[in-house]
Number of protein chains: 2
Amino acid sequence: MEAARHVISAPVYTIGELAREFEITTRTIRFYEDEGLLAPTREGRKRLYRRRDRVRLKLILRGKRLGFTLGEIRETFDLYDQAPDGSRQLRYYLGVLDEKREQLNRQRRDLEDALAELEQSYQRCQELLARQEADKSA
Amino acid sequence: MEAARHVISAPVYTIGELAREFEITTRTIRFYEDEGLLAPTREGRKRLYRRRDRVRLKLILRGKRLGFTLGEIRETFDLYDQAPDGSRQLRYYLGVLDEKREQLNRQRRDLEDALAELEQSYQRCQELLARQEADKSA
DNA sequence: GCTTTCGTTTACGTAAACGTAACATATTCA
DNA sequence: TGAATATGTTACGTTTACGTAAACGAAAGC
């Protein structure tokens with residue numbers, strides 16, 4: 001019973017299903033496999049993707065939206081896959097996470113600055129428009 | 001007097017100064033010019049960069065950190081440079097800004113998700129380390 | 001006067017992230 | 001059963017964002 005929970009990794013996807021769901025090409029998915037980002041099982045020659053693979057694909061795409069390269073994304077995967085054991089490893093791991101957090105925080109600051117500036121020009125734009133409408137009706 | 005304010009665009013930078021300040025190569029700066037992202041004035045053959053150019057360079061680098069391509073960055077510059085006049089233009093402009101905001105907001109969500117997950121594994125990691133230290137002293 | 005230093009142009013090279021083409025199986029639906 | 005559809009492999013092409021090298025001019029320090 002205990003074991004069965006892990007054995008049942010029920011939902012399985014074909015490459016085409018994933019491609020449609022995430023609106024990417026099958027070529028792209030295979031490319032990610034070549035790059036070591038995905039490792040689907042095989043049934044004969046066909047690739048079978050399970051929950052874990054789907055999650056990974058999601059993470060890849062999110063990472064890309066955030067501007068990370070596939071190499072950087074793979075590094076984080078490798079990190080997660082290692083499951084560090086020694087306390088030396090753990091400390092190293094914590095350091096890497098710190099750096100990653102720094103990077104993400106900086107990106108957040110950049111993002112908020114950009115959003116603030118966008119709001120400003122949005123407002124200016126609206127005011128201009130309002131003035132034009134007023135002129136028109138006058 | 002009024003006019004003088006605009007004439008005085010005092011601080012002027014050489015390409016090397018900007019390169020050092022932003023920790024990029026002069027090659028990169030010239031490349032941005034080729035791509036139509038910068039337009040420094042010339043003194044003979046030498047490029048002279050002023051405040052406006054410096055601001056632009058800053059925006060380029062921020063855009064890159066956020067994962068935008070140079071093409072996307074140029075588009076926003078072009079948008080800002082146009083200074084829309086007709087109300088038709090203004091409406092279009094507002095639409096573009098809306099899309100941009102949507103994109104940035106989505107990116108912010110992605111970013112916050114990533115940060116939250118990072119915090120989680122950071123904590124798990126710390127707990128593991130604490131346990132190891134406890135074992136060691138036992 | 002000579003050599004760094006900074007700048008210029010032109011040209012070719014490269015890594016990343018796929019797109020596209022070509023061709024071979026395999027299944028499925030009418 | 002024939003055509004359409006999905007999948008596979010291999011290979012070459014393309015765009016982006018620069019790096020690198022060659023070859024030169026002008027100014028600055030010794």
Side-chain angles (χ1 to χ4, degrees), chain A residues 11-50 53-54 56-78 100 103 106-107 110 114, chain B residues 11-50 53-54 56-78 103 107 110 114:
Chain A
V12 171
Y13 313 89
T14 70
I15 194 170
E17 284 167 359
L18 286 184
R20 272 187 296 276
E21 177 175 359
F22 294 106
E23 299 183 296
I24 55 182
T25 66
T26 58
R27 173 72 182 85
T28 299
I29 296 179
R30 284 191 208 102
F31 179 72
Y32 292 158
E33 183 177 344
D34 282 349
E35 295 295 303
L37 291 165
L38 294 174
T41 58
R42 300 282 179 135
E43 189 189 60
R45 298 191 347 169
K46 292 199 175 169
R47 295 163 168 85
L48 287 187
Y49 300 83
R50 345 180 100 94
D53 303 303
R54 216 187 75 118
R56 283 215 169 200
L57 185 49
K58 234 182 204 169
L59 289 176
I60 294 170
L61 298 177
R62 190 182 72 189
K64 289 208 62 196
R65 285 197 301 273
L66 291 177
F68 296 112
T69 68
L70 295 186
E72 288 169 324
I73 295 170
R74 181 178 40 221
E75 278 176 29
T76 76
F77 284 173
D78 290 350
K100 207 66 179 159
Q103 191 187 352
R106 181 200 190 145
Q107 204 167 337
D110 282 336
Chain B
V12 171
Y13 314 88
T14 70
I15 194 169
E17 283 167 0
L18 286 184
R20 270 187 297 277
E21 176 176 359
F22 294 106
E23 299 183 293
I24 56 182
T25 67
T26 59
R27 172 71 180 86
T28 298
I29 297 179
R30 284 192 209 100
F31 179 73
Y32 292 159
E33 184 177 345
D34 282 348
E35 295 296 302
L37 291 165
L38 294 173
T41 59
R42 300 280 180 139
E43 188 187 61
R45 301 192 344 169
K46 292 197 177 171
R47 295 164 169 85
L48 287 187
Y49 301 84
R50 342 182 102 93
D53 302 304
R54 216 187 76 117
R56 283 215 168 199
L57 186 49
K58 235 183 202 169
L59 288 177
I60 294 170
L61 298 177
R62 190 182 72 187
K64 289 207 62 195
R65 285 197 300 274
L66 291 176
F68 296 113
T69 68
L70 295 185
E72 288 168 324
I73 295 170
R74 182 180 39 221
E75 278 176 30
T76 75
F77 284 174
D78 290 349
Q103 191 187 354
Q107 204 166 336
D110 282 336

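Residue numbers start from 1 in every chain, and the chains themselves are labelled A, B, ... in the order their sequence lines are given, proteins ahead of strands.
Using a 4.5 Å cut-off on side-chain heavy atoms (C-beta onward), B:T69 and B:R74 make no contact. No side-chain heavy atom of A:I73 sits less than 4.5 Å from a side-chain heavy atom of A:L59.
At whole-Å resolution of the value, CG in B:L18 and C1' in C:dG7 are 14 Å apart. One interatomic measurement links the two molecules: CD of B:E17 to C1' of C:dG7, which rounds to 13 Å at whole-angstrom precision.
Here the shortest heavy-atom pairing between B:R50 and B:Y13 reads C-CE1, 4.2 Å. For the pair A:K64 and A:L70, the tightest heavy-atom approach, listed with the atom from each and the gap, is CD-CD2, 4.0 Å. Nearest approach of A:I60 to A:F77, heavy atoms of both residues: CG1-CE1, 3.8 Å. The two residues A:Y49 and A:E33 have their closest heavy-atom pair at OH-OE1, 4.0 Å. Taking all atoms of both residues into account, the shortest heavy-atom contact from A:I29 to A:L57 is CD1-CD2, 4.3 Å.
Note on residues 12-23 of chain B: pairs passing salt bridge (Lys or Arg N to Asp or Glu O under 4.0 Å), not counting sequence neighbours, are B:E21-B:R54.
Note on B:R42: only backbone sugar-phosphate atoms sit closer than 4.0 angstrom, heavy atoms only; bases stay farther off. Within the 4.0 angstrom heavy-atom criterion, only backbone atoms of the sugar-phosphate kind lie near B:R47; the bases stay farther away.
You can see that DNA chain D meets the heavy atoms of chain A within a 4.0 Å-exclusive cut from D:dT7 to D:dA11, reading 5' to 3'.
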How does protein reach along nucleotides 17-27 of chain C, written 5' to 3' as B (base within reach of a heavy atom under 4.0 Å), S (only sugar-phosphate), or - (no contact)? BBBB-------
